[in-house]
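As structure tokens, the structure follows; a few thoughts come after it.
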Amino acid sequence: MKIGISCHHTYGGSGAIAAELGKALAGRGHIVHFFSQAAPFRLGTFSKNIYYHEVEVMHYPLFECPFYSLALASKIADVAYYEKLDVVHAHYAIPHALSAMLARQMLEDKCAEARCFSLATTLHGTDITVVGADPGMQDVVRLAINKSDGVTAVSGYLRDETRRMFSPKNEISVIPNFVDTTLFSRSPDSELRGQLGLDSEKIVIHISNFRPVKCIGDIVKVFATLTGHIDVTMLFVGDGPERSAAEIRVRELGIADRVRFLGKIDDIVPLLSLADLMLMPSNAESFGLAALEAMACGVPVVATDAGGFPEFIVSGVHGYLLPPGDIGAMTEKSLMLLLDEDLHRDFSAACVRQAKRFETSLLVERYEAFYSELIEASRPG
Ligand code: GMT
């Protein structure tokens, strides 16, 4: 198949999944064309069957906000026409699905016999729960969903939220996030410990784009209590709007020497391989890719029972799921996991087994079948 993938290039789950999906599809012999504003952060260097098209936005003094969506639509139409794309897969409802929809109209207008691609859209989370909840955006998100030939959501939770908020015309299939366990597996690097100034203490990790839904303040509260009981260091990986407030709070609490803010790091496996526990207290998480990747590296997770976490984390087996904001219970369960070595060993092994159920190859096959259905349905007659 010839597949176009339109995604955000920025640090976040949808861009990560889109890049990993494209690489896996290319590895299976499909031709994959990426469209984004800059190279998606997980795409890496050149590889066979992958083409990347940077979307250049026209700057003109009259346009206070540059027209990214239109430039993207033009780019998709151009590549789809010349490369004869079978499918364009939009990751995140807007602007990607809408731009692809517009690209199709451009092609129809350009020449009647132009063979049009099928439009697949994957909803990732905040495109529905945050952007889609904004009254000024609701109708445009609904249009993106209803004009796609097929829509998937990354969890049952997100599918149900989408149904509740948008009453979509068509069925939404669930294809969960995935992880390549040949790459995401525990491979400790003793030098890295030294480079990070770590000794033999326990390591707690959090990886995200530091948006308000991640509840970074709750992590600081839980961690501050942990420091009173055990020798422990916190690694914060990623960056975003809530980082500065967290740094200030960490200093106020006098625990700055126990916390490292490492910023955005693409290759997280070495860091996950050092970690004993991941904290993900998000109040709304459609899936939680970072938690799945941590589990693949044998790291148990203390997360919330909100959103999609219960669809792959079994509380009491792979970590603990607790009500959002329940700092006391999160602290207690984190301490249990960090102090009880036998319990930790069992949870860690269970996490690795569970991650294999979300192996990339299994879920990429589901996407391939989904594309084939859309292509089949678009055939005349
Ligand atoms: O807000 C984010 O965390 C980023 C967002 C994105 O679209 O980049 O992540 C979402 O997509 C991921 C991949 O499908 C999911 O694993 C995340 O749970 C989801 N984030 C939220 O729902 C908050």
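Note that this is a predicted model, so its numbers are computed, not measured. Whatever order the structure lists ligands and atoms in, that order sets their numbers, starting from 1.
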Under the salt bridge (Lys or Arg N to Asp or Glu O under 4.0 Å) rule, what do R42 and E293 come out as? Steps first, then yes or no, please. CA-CA 14 Å; R42 287 263 187 107; E293 292 178 338; 2.9 Å; yes
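Around atom CE of M1, more than 12 heavy atoms belonging to other residues, nucleotides or ligands sit under 6.0 Å away.
The heavy atom nearest to atom 7 (O) of ligand 1, out of those in G240, A284, S14, is found in S14. In this comparison of E285, H91, E293, the heavy atom closest to atom 17 (C) of ligand 1 sits on E285.
For Y367 and H89, the gap between ring centers is short of 6.0 Å.
Not one N or O of I17 is nearer than 3.5 Å to an N or O of ligand 1, by distance alone. In terms of N/O distances under 3.5 Å, ligand 1 is approached by K214. Not one N or O of V213 is nearer than 3.5 Å to an N or O of ligand 1, by distance alone. At least one N or O atom of G13 sits closer than 3.5 Å to an N or O atom of ligand 1. Where the criterion is an N or O separation shorter than 3.5 Å, residue side chain and backbone included, G12 fails it with respect to ligand 1.
With ligand atoms numbered from 1 in the order given, ligand 1 contributes 15 (C), 17 (C), 18 (O), 19 (C), 21 (C), 22 (O) to contacts under 4.0 Å with heavy atoms of S286. Below 4.0 Å from some heavy atom of G288 lie the following atoms of ligand 1, by number and element: 15 (C), 16 (O), 17 (C), 18 (O). Atoms of ligand 1 lying under 4.0 Å from any heavy atom of R211, numbered from 1 in the order shown and given with element: 1 (O), 2 (C), 4 (C). Residue contact check: G125 has heavy atoms under 4.0 Å from atoms 22 (O) of ligand 1. Interface atoms of ligand 1 facing L289, defined by a heavy-atom separation under 4.0 Å, are 16 (O). Annotation for ligand 1: atoms under 4.0 Å from non-hydrogen atoms of Y92 are 7 (O). Atoms of ligand 1 found under 4.0 Å from any heavy atom of F287 (numbered from 1 in listed order, with element): 16 (O), 18 (O). Counting atoms of ligand 1 from 1 in the listed order, those under 4.0 Å from a heavy atom of T126 are 1 (O), 23 (C).
Inter-residue side-chain proximity for Y68 and Q37 is flagged as met; some heavy-atom pair is nearer than 4.5 Å. You'll find the side chain of M295 reaches within 4.5 Å of the side chain of F312, heavy atoms only. Between V232 and F223 there is a side-chain heavy-atom pair separated by less than 4.5 Å.
Nearest protein heavy-atom neighbour of atom 10 (C) of ligand 1: H124 O, 3.4 Å. The nearest heavy-atom contact from the protein to atom 16 (O) of ligand 1 is N177 OD1, 2.7 Å. Among protein heavy atoms, the minimum distance from atom 4 (C) of ligand 1 is reached at N209 ND2, 3.3 Å.
Inspection of the H91 and H8 side chains reveals no N or O donor paired with an N or O acceptor under 3.5 Å.
Checked by atom type and distance alone, the side chain of D276 pairs as donor or acceptor with a backbone atom of I203 at under 3.5 Å.
Between R28 and E365 a salt bridge is recorded (basic side-chain N to carboxylate O distance below 4.0 Å). Look at K356 and E359 and you find no salt bridge, because none of the NZ, NE, NH1 or NH2 atoms lies under 4.0 Å from a carboxylate O. Using a cutoff of 4.0 Å between basic side-chain nitrogens and carboxylate oxygens, D78 and K75 are not scored as salt-bridged.
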